[in-house]
Structures are given as structure tokens and as C-alpha cells.
Amino acid sequence: DAGVIQSPRHEVTEMGQEVTLRCKPISGHDYLFWYRQTMMRGLELLIYFNNNVPIDDSGMPEDRFSAKMPNASFSTLKIQPSEPRDSAVYFCASSSGARKNYGYTFGSGTRLTVV
Amino acid sequence: GNSVTQMEGPVTLSEEAFLTINCTYTATGYPSLFWYVQYPGEGLQLLLKATKADDKGSNKGFEATYRKETTSFHLEKGSVQVSDSAVYFCALPDTGRRALTFGSGTRLQVQP
């Protein structure tokens with residue numbers, strides 16, 4: 001298995017532009033998580049899905065952020081419009097609910113810079 | 001809700017030194033506890049875990065013991081290597097949902 005695949009690895013965009021981050025979870029994993037990592041706030045859970053259904057989006061900062069999971073093998077996190085304070089590393093992780101050990105597999109992350 | 005507190009970093013050690021990174025937790029009941037490691041430019045990887053009180057998790061020479069009396073899960077290694085330089089995160093499940101809450105991370109720098 002290639003692991004959790006995120007794209008792009010790096011994204012630089014101008015304030016006000018739309019940004020879309022992509023994630024392919026590990027095949028067979030039924031949970032998918034989006035986290036944001038910054039120096040000031042550490043790792044924050046934004047949203048997570050179970051069987052493609054959003055379960056908890058209480059960590060999504062505001063309406064500018066949206067996430068979808070149209071099928072078991074793909075998820076997107078969209079920011080529209082982007083702002084400089086959205087600059088961070090965004091991680092996607094997946095896990096199997098059948099295993100109770102919370103063994104997340106993380107992707108390599110997308111480093112977003114909004115200028 | 002459940003939370004973890006980690007010692008501030010960075011921790012700078014010489015190769016072959018003994019490592020301790022402190023982690024204390026606040027939780028309802030006795031949830032599983034985890035240590036994750038993040039190498040430069042990569043995502044987090046599960047390092048070890050303990051699923052109940054008094055359990056010891058171990059992997060790659062690292063160990064941590066789940067101590068309910070002191071609500072701690074300190075990470076230890078007897079002899080660190082330069083390749084252990086990374087950021088280490090303590091974690092536990094959120095209250096009432098299937099997601100992990102991570103500590104602030106502790107950066108370890110090992111010098112040759």
C-alpha cells in the first residue's frame with residue numbers, strides 16, 4: 001500500500017484565491033481525518049469522516065473552510081477565500097474502525113502559504 | 001475533555017545519552033495512550049501505545065509506561081542516536097469521539 005497520499009505537497013497562493021487540498025486514504029480504512037499544524041496552535045483536528053459521512057466538523061475554523069468525501073478513496077479540503085492566517089501544514093490521516101487502537105496513518109502533508 | 005501536556009522543547013542531547021520526554025494527561029476513565037513521532041518534512045508516525053493502566057509500550061528502543069497514579073506516560077530511551085532527532089507527540093482519544101488529541105510536541109535534537 002502506498003500509504004495516505006496528499007497533494008499538492010506545497011501550495012503558494014494569493015490572499016482571496018480558492019485552495020483545494022486532496023487526500024487519498026489507505027484502501028479499506030473507514031475513518032478519515034483532516035488536521036492543521038501551526039507553530040502557535042500545534043495540531044488541530046478540523047473534521048473527520050466515517051464511511052464518507054462527516055461526523056464532527058466542530059474544528060473547522062469558519063465558513064471559508066469546507067471538506068467533502070465523495071467516495072471511500074478521496075477527500076478534499078477547500079478554503080475559499082484564503083487568508084494569510086490559513087498558512088499551515090494540513091495533514092490527512094486515515095484509520096480502520098475495526099481496530100480499536102487508533103492506529104492513524106498520516107499523509108506527508110500539504111504546506112500551504114497564503115501571501 | 002481529555003487533554004495531554006508535554007514538556008517544552010527543544011531537548012538537546014549528545015549521542016548515546018538517556019532521553020526522557022514528559023507527558024501527563026487528564027482524562028475520563030483510562031483511555032489508550034500514544035506516542036507519535038514526526039521526522040522533518042514528514043507526517044506523524046505511530047511510535048508506541050499502551051491500552052491500559054500499567055501497560056508498557058515499546059518500539060525501536062523507546063518505552064513508555066501508562067501510570068494511572070501519576071497520570072503520566074513519559075517517553076524514554078536509553079541511548080539516543082542522531083537519527084532520533086524529530087518531534088515527539090503524546091496523544092489520547094478525545095472525549096466522546098473517535099479522534100485523537102495531540103500534545104504540543106517536543107522537539108528532540110541529538111548531536112553527534
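In what follows, chains are A, B, ... by sequence order, proteins preceding strands, each numbered from 1.
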Participant: Let me confirm one number: the CZ-CG distance from A/F33 to B/L100, rounded to the nearest 0.5 Å.
Facilitator: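 Rounded to the nearest 0.5 Å, the CZ-CG separation comes to 7.0 Å.
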Participant: In this structure, would B/V110 and B/V11 fall into the same cluster of hydrophobic residues linked by side-chain contacts under 4.5 Å?
Facilitator: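 Same hydrophobic cluster.
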Participant: Counting a contact as any heavy-atom pair under 4.5 Å apart, which residues of residues 107-115 of chain A contact chain B?
Facilitator: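 The list, in residue order, reads A/G107, A/S108.
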Participant: Tell me, yes or no, whether the heavy-atom count around B/Y30 atom OH, taken from other residues, nucleotides or ligands under 6.0 Å, exceeds 12.
Facilitator: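 No - once you tally the heavy atoms of other residues, nucleotides and ligands closer than 6.0 Å, there are 12 at most.
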Participant: Examine A/I5 and B/Y39 and state if one hydrophobic cluster contains both, with Ile, Leu, Val, Met, Phe, Trp and Tyr joined whenever side-chain heavy atoms are less than 4.5 Å apart.
Facilitator: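 No, separate clusters.
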Participant: Pick one of side chain, backbone, both or neither for B/Q45, based on which atoms fall under 4.5 Å of a heavy atom in chain A.
Facilitator: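 For B/Q45, neither part sits under 4.5 Å from chain A.
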Participant: Same cluster or not: B/L46 versus B/L92, using hydrophobic residues (I, L, V, M, F, W, Y) connected whenever any side-chain heavy atoms lie under 4.5 Å apart?
Facilitator: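 No; tracing contacts between hydrophobic side chains, which count when under 4.5 Å, never links both residues.
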Participant: May I ask whether B/L75 and B/F102 are part of the same hydrophobic cluster, defined by side-chain heavy atoms of I, L, V, M, F, W, Y residues being less than 4.5 angstrom apart, directly or through others?
Facilitator: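 Hydrophobic grouping puts B/L75 apart from B/F102.
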Participant: When you compare the side chain of B/Y36 with that of A/F106, does any pair of heavy atoms fall below 4.5 Å?
Facilitator: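 The answer is yes, as the side chains (C-beta and beyond) meet within the 4.5 Å cut-off.
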Participant: May I ask you to check whether B/F34 and A/Y104 place their ring centres under 6.0 Å from each other?
Facilitator: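 No.
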Participant: So if I take each residue of residues 48-68 of chain A and look for any heavy atom under 4.5 Å from a heavy atom in chain B, which residues do I end up with?
Facilitator: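 Within residues 48-68 of chain A, the residues that come under 4.5 Å of chain B (heavy atoms only) are A/Y48, A/D56, A/S58.
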Participant: Please check if A/W34 and A/I79 belong to a single hydrophobic cluster, counting links between Ile, Leu, Val, Met, Phe, Trp and Tyr side chain heavy atoms closer than 4.5 Å.
Facilitator: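 As far as the 4.5 Å side-chain criterion goes, A/I79 and A/W34 are connected within one cluster.
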Participant: Quick check on the structure: residues of residues 36-46 of chain A within a heavy-atom distance below 4.5 Å of chain B, by number.
Facilitator: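 Those residues of residues 36-46 of chain A which have a heavy atom under 4.5 Å from chain B are A/Q37, A/L43, A/L45.
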Participant: Could you name the residues of residues 83-93 of chain A that have a heavy atom within less than 4.5 Å of a heavy atom in chain B?
Facilitator: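 Counting heavy atoms that sit under 4.5 Å from chain B, the residues of residues 83-93 of chain A involved are A/F91.
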